[in-house]
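Note that ligands are numbered from 1 as they come in the structure, with each ligand's atoms numbered from 1 the same way. Just so you know, residue 1 is the first one in the sequence shown, and it goes up from there. What's counted below: heavy atoms across the whole structure, side chains too, no hydrogens, waters or symmetry copies.
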Amino acid sequence: MTTRRPTPRPQDPDVMARRLLRASAAPAPRDAIDWDTPVPDDVWFCRPERLSLFGTPLWEEMDQKQRIELSRHEMASFMSAGIWTELCLIQLLAKYMASSRNFSDSRSHYALTEVADETRHCVMFGRAIRAMGCDTYSPSPTVQRLFAVASTLYSELSIFALALVIEEVNDRLQREIVQDERVQPLVREVCRLHVTEEARHVSFARTELLDTAARTSRPRLLLQRELTAVSAFVALAQRIHPDVYSAAGLDPVRARREARGNPHYRRTLRWSGERLISFLTQAGMIGPWQRHWWRRAGLLP
Ligand SMILES: [Fe+2]
Ligand SMILES: [Fe+2]
């Protein structure tokens with residue numbers, strides 16, 4: 001007998017938005033980062049166990065300096081993808097606001113607060129990339145065009161589901177970095193500031209998604225599920241730009257091949273998406289037809 005997983009209990013979206021607005025009103029320690037302190041070259045830029053090549057034969061051949069250099073470029077790529085996906089989210093939230101909402105309610109005020117938060121996060125990530133001595137890793141023109149087309153098809157359902165894809169997966173990785181004293185203080189501080197505000201975004205997106213899902217017709221739900229799954233696959237693939245390997249002085253062809261087949265890294269991806277997959281499945285946003293996309297994204301076995 002199959003047991004149906006219970007749908008998470010929807011909360012009142014107005015009550016949630018008011019609570020999040022009150023929490024956002026508290027002054028955040030936004031200038032806590034000392035951008036002028038030089039970033040040492042011999043300290044990890046992220047947790048080594050979460051790097052795409054950790055545990056591979058190529059990893060075993062790399063010396064400590066090269067491993068740390070890889071961590072620098074993977075973190076710069078992670079933050080670059082963070083900027084790009086947050087810019088996409090800002091556009092989608094603006095579209096959602098402009099098309100459908102009452103501008104005087106708490107939900108719309110919180111959506112605008114989130115836009116302001118994400119704008120600050122983009123500046124913070126950009127400054128961190130510069131402080132790490134890296135360039136920005138941009139998505140390919142094809143990926144940028146795909147987003148431009150897909151964004152015309154997203155409804156509220158996929159907007160909030162995709163917000164969760166980015167926020168929940170990054171949140172899990174960043175919370176771990178905050179606790180790890182082996183990682184550069186600058187990176188830990190950026191992650192600490194980010195997860196504090198993202199926790200509110202996650203609560204908002206979960207509440208709005210459940211509220212919207214309850215009012216969505218079956219055919220529309222099926223379309224938005226598919227769109228979310230494909231978009232999640234594309235968005236998550238941006239986190240490790242293929243150029244990070246040559247930037248770290250590695251053979252890019254071999255590095256990409258070993259990273260793709262790395263069981264350790266696949267476990268990291270699945271771990272990072274556990275909470276997200278569980279919530280989206282219970283909310284009806286992942287059905288049997290979408291599972292192959294989530295598998296390709298690395299979040300399902
Ligand atoms: Fe953010
Ligand atoms: Fe966010």
Side-chain angles (χ1 to χ4, degrees), residues 13 16-17 19-33 46 75-97 106-132 136-139 147 151 154 156-178 186-210 212 228 231-232 235-236 238-239 272-273 275-276 279-280 283 285:
M16 174 61 79
R19 183 169 78 70
L20 296 173
L21 278 168
R22 277 196 301 278
S24 305
R30 280 169 192 143
D31 297 322
I33 299 175
C46 57
M75 179 47 71
S77 172
F78 178 82
M79 289 187 179
S80 300
I83 294 173
W84 183 68
T85 49
E86 295 203 340
L87 287 173
C88 293
L89 180 59
I90 288 169
Q91 292 176 51
L92 296 175
L93 283 171
K95 179 183 151 194
Y96 155 78
M97 285 290 304
S106 300
R107 292 162 73 180
S108 61
H109 296 168
Y110 187 74
L112 289 172
T113 301
E114 183 167 327
V115 168
D117 291 346
E118 300 298 18
T119 306
R120 270 185 286 100
H121 298 169
C122 290
V123 176
M124 178 171 73
F125 286 142
R127 292 184 82 174
I129 292 167
R130 187 170 63 194
M132 292 191 303
T136 306
Y137 288 95
S138 298
F147 171 73
S151 65
Y154 295 136
E156 284 175 40
L157 207 53
S158 40
I159 291 174
F160 287 110
L162 287 170
L164 287 172
V165 168
I166 303 309
E167 289 167 346
E168 297 223 20
V169 168
N170 291 352
D171 187 78
R172 201 147 197 209
L173 291 160
Q174 290 180 327
R175 280 180 190 275
E176 211 187 35
I177 288 172
V178 172
L186 177 125
V187 174
R188 291 174 66 203
E189 192 57 17
V190 165
C191 291
R192 191 182 69 76
L193 290 173
H194 195 233
V195 297
T196 306
E197 290 183 334
E198 289 300 328
R200 296 198 282 269
H201 300 177
V202 167
S203 299
F204 182 62
R206 283 185 168 218
T207 307
E208 291 292 325
L209 188 146
L210 291 176
T212 308
T228 301
S231 305
L236 291 170
Q238 306 311 308
R239 290 185 306 166
S272 69
R275 283 187 54 198
L276 169 77
F279 176 79
L280 290 182
M285 283 301 287

Assess [X]: does it contribute an N, O or S atom lying under 2.8 Å from the Fe ion (ligand 1)?
| X | answer |
| --- | --- |
| His121 | yes |
| Cys122 | no |
| Glu86 | yes |

Do you know which N/O/S atom name in His201 is closest to the Fe ion (ligand 2)?
ND1

To the Fe ion (ligand 2), the closest N, O or S atom belonging to Glu167 is OE2

Using modelled atom types only, decide if a donor and an acceptor are shared between the side chain of Arg172 and the backbone of Ser272 within a distance under 3.5 Å.
no

Just checking: [X], one of its N/O/S atoms, less than 2.8 Å away from the Fe ion (ligand 2), yes or no?
| X | answer |
| --- | --- |
| Glu198 | yes |
| Glu118 | yes |
| Asp117 | no |

Identify whether the distance between the nearest side-chain nitrogen and carboxylate oxygen of Arg200 and Glu114 falls below 4.0 Å.
no

Arg206 bridged to Glu168 by N-O distance under 4.0 Å
yes

Student check: side-chain heavy atoms of Asn170 and Arg239 closer than 4.5 Å
yes

Applying ring pair (Phe, Tyr, Trp, His ring centres under 6.0 Å), can you list everything that pairs with Tyr154, at least two apart in sequence or on another chain?
none

Of Gln174, Arg175, His121, which meets side-chain hydrogen bond (donor to acceptor under 3.5 Å, both in side chains) against Glu198?
His121

